[in-house]
Amino acid sequence: MLDTGCETGGGPPSAGVPDAPCELVTVPARHGLEAVDILRLRESVGPVLHDGAGGTLGFLVPPGTAERWDLPGSVCVPAHRRPGRPAGLPPAGTGWLVPPESAQTGTTEPARLRAALSEAARTIAAAEGGA
């Protein structure tokens with residue numbers, strides 16, 4: 001499991017992020033950045049991690065998402081905040097693109113994330129002249 005400092009639930013995260021299970025959907029950075037913009041416009045983005053190299057983004061989603069996640073080009077894995085780790089700190093080698101205290105929701109709702117990722121793929125394809 002990845003240590004994320006995540007919170008589950010539908011409301012805005014608080015400054016003190018509790019120990020709570022969640023899952024992480026990872027996508028290539030370009031695709032993820034487009035999706036973050038889409039989700040921000042719809043006021044439905046939860047915390048988002050980026051890796052140190054900037055190659056991927058990780059969206060925190062509610063537990064159980066991995067069982068139903070099958071979107072090509074992305075992966076969903078279990079994640080959990082380790083007890084004793086200060087709230088809000090991302091795992092080593094990563095940083096927050098959207099920190100928990102700036103997120104609009106505690107986690108990103110999977111159906112909204114799927115829709116945003118699909119829209120992002122269409123936007124990227126159009127920008128590259130593919131659609």
key: Pairwise salt bridge (Lys or Arg N to Asp or Glu O under 4.0 Å) hits with a residue in residues 56-71, at least two apart   = D70-R114
task = Under the salt bridge (charged side-chain N to carboxylate O under 4.0 Å, His left out) rule, collect the residues that match up with R112, sequence neighbours excluded.
result = none
key: Qualifying residues under salt bridge (charged side-chain N to carboxylate O under 4.0 Å, His left out), relative to R42, sequence neighbours excluded   = E119
Hydrophobic cluster membership, L33 vs I38, 4.5 Å side-chain cutoff = no
query = Restricting to pairs with a member in residues 45-62, which pass side-chain hydrogen bond (donor to acceptor under 3.5 Å, both in side chains), not counting sequence neighbours?
reply = D51-T56
key: Qualifying side-chain hydrogen bond (donor to acceptor under 3.5 Å, both in side chains) pairs, either residue in residues 26-40, two or more places apart   = R30-E128
Which heavy atom of [X] sits nearest a heavy atom of [Y], and at what distance?
{"X": "G58", "Y": "L24", "value": "C-CD1, 3.5 Å"}
{"X": "A103", "Y": "G46", "value": "CB-C, 3.5 Å"}
{"X": "W96", "Y": "P100", "value": "CE2-CD, 3.5 Å"}

message = A side-chain contact here means heavy atoms from C-beta on lying under 4.5 Å apart; do C22 and P62 qualify?
response = no
request  = Nearest 0.5 Å please: distance from the CG atom of L117 over to the CG atom of L71.
outcome  = 6.0 Å
ask   = Between OG1 of T107 and CZ of F59, what distance do you get to the nearest 0.5 Å?
value = 12.5 Å
task = Could you list the residues that satisfy side-chain hydrogen bond (donor to acceptor under 3.5 Å, both in side chains) with S74, not counting sequence neighbours?
result = W69
task = Test L97 against V36 for side chain to side chain contact (heavy atoms under 4.5 Å, CB included), laying out the working first.
result = CA-CA 9 Å; L97 177 67; V36 166; 4.0 Å; yes
key: Non-neighbouring partners of A66 that pass side chain to side chain contact (heavy atoms under 4.5 Å, CB included), sequence neighbours left out   = E23, C76
Sole residue of T108, L113, L39 in side chain to side chain contact (heavy atoms under 4.5 Å, CB included) with S44 = L39
